[in-house]
Amino acid sequence: MKKHVVIFEARGGSDKGKYGFRKDSKPIIDSLKDRGWSAEIIFYQDEDRGEIYRHTIDKADAYISRVNPGNLKNETGYFQMLKELVNNGVEGLPHPDAMVAYGAKNSVEKLKGTDIVPDDVYTYYDFDTLKEEFPKSLKKGVRVLKQNRGSTGEGIWRVEVLNPKPNGSRIPLDAKLKLTEARDNHTEEKTLQEFLEYCIKYLEGENGMLLDMPFLERIKEGEIRVLMLRDNVVNIVHKKPADTKDAFSATLFSGAKYRYDKPEQWPELVKSIKGSLRTIQERLGNYDLPLIWTADFILDTDKKTGEDRYVLGEINASCVGFTTFLELSENIADEVLALLDAEEAVNSRWAAFKK
Ligand SMILES: Nc1ncnc2c1ncn2[C@@H]1O[C@H](COP(=O)(O)OP(=O)(O)O)[C@@H](O)[C@H]1O
Ligand SMILES: [Mg+2]
């Protein structure tokens, strides 16, 4: 083994420290060093792709991807490089396909039928389907429509019918809607027809897609982010939306308040996610669980039993930060070493390897 790890980052963005690196990358390097390994940060850009590829193949056992692909001008080149690296024996943390599968909003729909996702969740990939199906789903009540590429509440819409509310099986195209965007909780009014046309932009391009799920009104009590290190629950962030009338967003920009909790304070939630891990892994393509990832939950009340239930809103796996608890770098380093040691003995994609 080469005992070397390459960490990919992208330049720019608001998460960078004094030297242009992510503040939580240096601790990973230090923790790996303490264990007799080395690591370096490389800024990815398409222009340097060949050179970065050759260097990584040459020097590293593994890469850790800490890039938000949505922030690259074009993500194709980056994913191609990662694929080439894993195909040639570099351990991908995470595997590029896992990054896509976990990060996409349709991960929620892929988990339909499990305890953590409601039955009336849908995805739309083209305008005809959106126009045919969304007026029917809107009939069931207030909905949240999510663009695939979001990450700051942009293109995440709470959709409520103002009038008319007829008896048929679908909301008519001239119905008036109240629309609230999670970016800043601002509201707009559009007819259903106008809104559907507005949404065309979310369907365009390679990863264009919309996720349609019920609006969970207990978002008022907060969104609960579970930070995971592979199959371990590490930390919980409770994000309470601003205390204003239309607020449903858990983003800092929109005025939400964050509180950092220990997993022990959320035993039911921890149980729920632990019980779902195997299914999550299977339904999202059977890759190793990402090194660092998050799952966001909102409370709901089970209609039959009246009990609390945690509903999955989204998963993030592409560039999860941990600046608020940097000591996690120690566990990350342990996990990287354990993974690569195991990888050397057996191939982790053998069925018998499963933990
Ligand atoms: N089904 C839902 N019911 C109520 N609020 C929701 C729902 N889904 C998302 N939200 C709110 O909208 C915000 C943004 O949605 P999210 O899926 O996290 O997209 P983003 O990728 O922009 O973070 C969440 O942080 C949460 O506050
Ligand atoms: Mg979110």
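Please read all numbers here as calculations on a predicted model, not as lab measurements.
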Ring pair (Phe, Tyr, Trp, His ring centres under 6.0 Å) partners of residues 128-148, not counting sequence neighbours, each pair once:
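Sorted result for residues 128-148: empty, none.
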Quick note, ring pair (Phe, Tyr, Trp, His ring centres under 6.0 Å) partners involving residues 169-189, not counting sequence neighbours, are W157-H186
Below 4.0 angstrom, N of the basic side chain to O of the carboxylate: do [X] and [Y] qualify?
X    : Y    : answer
K257 : D243 : no
K2   : D58  : no
K240 : E223 : no
D296 : K239 : no
R158 : E160 : yes
K201 : E204 : no
D30  : K26  : yes

Any side-chain heavy-atom pair of [X] and [Y] under 4.5 Å:
X    : Y    : answer
F43  : I52  : no
S25  : R66  : yes
I64  : F8   : no
K83  : D97  : yes
I7   : I42  : no
D300 : P118 : no
L203 : L210 : yes

Taking [X] for its side chain and [Y] for its backbone only, find out whether a donor-acceptor pair lies under 3.5 Å.
X    : Y    : result
K146 : G313 : yes
S329 : L326 : yes
D308 : L299 : no
N148 : N207 : yes
E9   : R22  : yes
R230 : I292 : no
D61  : H4   : yes
D212 : T123 : no
E194 : T191 : yes
S272 : E268 : no

Value for CG (L269) from CG (D261), rounded to nearest 0.5 Å, stands at 10.5 Å
Q: Give, for atom OG of S31 and atom CG of N331, the distance between the pair rounded to the nearest 0.5 Å.
A: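 Taking OG in S31 and CG in N331, the distance rounds to 8.5 Å.
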Linked, directly or transitively: [X] and [Y] (ILVMFWY side chains, under 4.5 Å):
X    : Y    : answer
I116 : M228 : yes
F297 : V237 : no
V121 : V159 : no
L229 : L277 : no

With [X] via side-chain contact (heavy atoms from CB on, under 4.5 Å) - residues at least two apart:
X    : answer
N235 : L227, F325
N88  : Y53, I57, E84
F253 : R183, D184, T251
D46  : Y44

- Item | Chi angles and distances behind the side-chain contact (heavy atoms from CB on, under 4.5 Å) call for M213, V311 | CA-CA 10 Å; M213 69 183 294; V311 172; 4.0 Å; yes
Just wondering, are more than 12 heavy atoms of other shown residues or ligands nearer than 6.0 Å to [atom1] in [X]?
X    : atom1 : answer
E282 : CD    : yes
Q265 : CD    : yes
Q45  : CD    : yes
E51  : CD    : no
D115 : CG    : no
K271 : NZ    : no
N74  : CG    : yes

Name the orientation class of the two ring planes belonging to Y260 and Y258 (parallel below 30°, tilted from 30 to 60°, perpendicular beyond 60°).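 The arrangement is perpendicular - the two ring planes meet at more than 60°.
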Mutual orientation of the aromatic rings belonging to F195 and Y198 [parallel < 30°, tilted 30-60°, perpendicular > 60°]: parallel
Please report the C-alpha distance between K105 and E109 in whole Å, then the side-chain angles of each, then the deciding distance to 0.1 Å, and finally whether the salt bridge (charged side-chain N to carboxylate O under 4.0 Å, His left out) criterion is met.
CA-CA 8 Å; K105 289 285 191 291; E109 197 242 9; over 6 Å; no
Trace of the salt bridge (charged side-chain N to carboxylate O under 4.0 Å, His left out) decision for D120 with K140 = CA-CA 9 Å; D120 60 334; K140 299 179 210 282; 5.4 Å; no
| task | Determine, step by step, whether E189 and K178 satisfy the salt bridge (charged side-chain N to carboxylate O under 4.0 Å, His left out) criterion, reporting the C-alpha distance in whole Å, the side-chain angles of both residues, the deciding distance to 0.1 Å, and the verdict. | result | CA-CA 5 Å; E189 273 188 35; K178 176 179 165 186; over 6 Å; no
From CA spacing to verdict: salt bridge (charged side-chain N to carboxylate O under 4.0 Å, His left out), K190, E188: CA-CA 7 Å; K190 282 188 168 67; E188 299 179 19; 2.8 Å; yes
Item to complete: Go through D174 and L192 one step at a time and tell me if the side-chain contact (heavy atoms from CB on, under 4.5 Å) criterion holds.
Response: CA-CA 6 Å; D174 60 357; L192 178 53; over 6 Å; no
With T301 as partner, the option from R218, E217, E307, R309 fulfilling side chain to side chain donor-acceptor pair (under 3.5 Å) is R218
